[in-house]
Amino acid sequence: MSPALVLEVQTICKEDELVESHEYQKGVKHLCERGLTKVPRKYILPALERPLLSRKDGATNLKLPIIDIAQLQGPDRNHALESLSKACEEYGFFQLINHGIASDSVLDMIQGARKFFELPFEERSKYMSKDQSAPVRYGTSFNQNKDRVFCWRDFIKLNCHPLSDVLPYWPSSPAELRQAVINYSKETKSLYLMLAKAILESLGLVETDKNIDENDSCDLLKEFEDGSQLIVANCYPSCPEPDLTLGMPPHSDYGFLTLLLPDEKVKGLQIQHEGRWVTVEPIPNSFVVNVGDHLEIFSNGKYRSVLHRVLVNPLKSRISIASLHSLPFNSMIRPSPKLVNDANPRRYKDTDFATFIQYMASHEHKNKNFLESRRLSQLGDA
């Protein structure tokens, strides 16, 4: 083959790759709408990272610890706090029951998200952005700007605080989505604050619930009340070859706590527990709550964020709704001074949301690599 012909073939291949890459940036839903019988190579994981190998290791279903909000609010609070502390230490995850959020709010949120993903691509694409701090962002994969292998997931992220500032940017279609997110975000924020107060108490940072009533001027609690909230609706379309890819790769969440509303009909969430990937058994009308990197830092390692990932299904699509909470975006996250002493020296550097955004913009997010970048060496390098 002549050099000129070789150059022509290489040019055509590069052009094809650019077209292909542009199509992937439009999301999995867009690809599926065009018809797929095989997983495109952009989504195929290296053999050792595929979920099929983990299943051969004997992965099983897991019933997470259960935390009952009714017990946290009743005479058995001390026992419930012990259970909460044990769940955060040993699992990094728990299921929350009797949460008090109206079923209508939950159903409206799920339905609103589902209708958004059913919109024509031209309508969904209005909210695509590479700006990770945008008030609304529709996207695909995990970090589509850096991922070498894409994951089988589309999402819409809605910044929820302060509502008055971000609301004008939210999608106006489907018509019911805005009000559904307003109601749902307010109820999950109240639930999060209840859990955050209980976690502070379980860490010994407040003595009793009486110390944290509405009249208390505790600066820390005020920070939690003014904290960030991000609602993320995830769409995992059915996949023709689910053993080759993942809905989300192994990762930990960056914030303080995540309240996840899982798809009760289609399982997919797995956590790494005792060295194995185990599938979470969802409980009807409950939330799956997990410790985020910020809580691991704040607790100086007492409570640990845990790797989790999402499987995809060959027959059914999945929708899940995550409400991610932390301190305000401009706050500095650091280990609580009360949890640092000679026996338990400081383990993490100070960090903030801007540092996380910068890291995400320049790295492919894998496992707990951001948190590891904030860990102090044994010699200490604050």
Side-chain angles (χ1 to χ4, degrees), residues 65 67 72 77-78 80-94 96 161 189-230 252-259 289-306 323-357 359 368 370-382:
I67 302 299
L72 275 174
R77 183 174 176 83
N78 286 340
L81 288 172
E82 289 176 6
S83 298
L84 177 64
S85 180
K86 186 175 181 181
C88 291
E89 283 190 60
E90 297 181 4
Y91 289 81
F93 274 79
F94 56 87
L96 192 67
H161 186 80
K189 182 62 175 282
S190 295
L191 183 59
Y192 160 71
L193 289 174
M194 195 182 304
L195 282 173
K197 291 174 182 178
I199 282 175
L200 291 177
E201 192 171 340
S202 73
L203 288 169
L205 301 179
V206 293
E207 292 184 3
T208 69
D209 195 42
K210 294 179 182 178
N211 294 111
I212 51 177
D213 61 25
E214 293 181 359
N215 297 320
D216 200 313
S217 59
C218 175
D219 291 339
L220 181 56
L221 286 173
K222 183 67 168 61
E223 271 200 289
F224 280 99
E225 290 168 4
D226 292 337
S228 61
Q229 179 180 15
L230 192 68
S252 58
D253 293 348
Y254 75 88
F256 199 85
L257 283 179
T258 298
L259 280 62
V289 182
N290 63 280
V291 172
D293 293 345
H294 287 177
L295 177 51
E296 178 167 335
I297 292 171
F298 179 80
S299 68
N300 202 32
K302 180 177 174 65
Y303 296 164
R304 292 183 177 271
S305 61
V306 170
S323 185
L324 291 87
H325 300 262
S326 194
L327 298 179
F329 286 132
N330 59 356
S331 289
M332 191 63 69
I333 311 296
R334 56 174 59 92
S336 171
K338 294 183 179 180
L339 300 176
V340 176
N341 51 48
D342 291 342
N344 187 35
R346 182 181 172 126
R347 299 171 186 265
Y348 305 92
K349 305 173 188 176
D350 291 358
T351 193
D352 57 11
F353 190 73
T355 304
F356 173 74
I357 290 292
Y359 188 92
K368 294 177 67 171
F370 172 70
L371 185 67
E372 292 304 317
S373 75
R374 310 313 299 161
R375 192 182 296 275
L376 292 170
S377 69
Q378 290 183 341
L379 297 177
D381 53 355

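Numbers here simply count residues along the sequence, with the first being 1.
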Atom [atom1] in [X], atom [atom2] in [Y]: separation rounded to 0.5 Å?
X	Y	atom1	atom2	answer
N290	F93	CG	CZ	4.0 Å
D350	R374	CG	CZ	8.0 Å
N78	L72	CG	CG	10.5 Å
S83	L81	OG	CG	9.0 Å
M332	F353	CE	CZ	14.0 Å
L371	F356	CG	CZ	11.0 Å

For residues [X] and [Y], determine if any side-chain heavy atom of one lies less than 4.5 Å from a side-chain heavy atom of the other.
X	Y	result
F224	L193	yes
L191	L96	yes
D352	N330	no
I199	L84	yes

Where [X] and [Y] come nearest, the two heavy atoms and their spacing:
X	Y	value
L259	H325	CD1-CD2, 4.1 Å
I297	K349	CG2-O, 4.3 Å
H294	F256	CB-N, 3.9 Å
K368	S252	CG-OG, 3.4 Å
K338	L205	CB-CD2, 3.7 Å
I67	A80	CD1-O, 4.5 Å

Distance-only, no hydrogens or angles: does the [X] side chain make a donor-acceptor pair with backbone N or O of [Y] under 3.5 Å?
X	Y	result
N341	A343	yes
N300	S336	no
E296	S305	yes
S228	L327	yes
R347	L376	no
H161	D226	yes

Can you give each donor-acceptor pair under 3.5 Å made by side-chain atoms of residues 85-92, sequence neighbours left out, with the distance rounded to 0.1 Å?
| unit_1 | atom_1 | unit_2 | atom_2 | d |
| --- | --- | --- | --- | --- |
| S85 | OG | E89 | OE2 | 3.4 |
| S85 | OG | Y303 | OH | 3.0 |
| E89 | OE2 | K302 | NZ | 3.0 |

N-O pairing of R375 and E372 below 4.0 Å: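 Salt bridge: yes.
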
Is the distance between the ring centroids of F298 and Y348 under 6.0 Å?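 No, the ring of F298 stays outside the 6.0 Å limit from the ring of Y348, centre to centre.
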
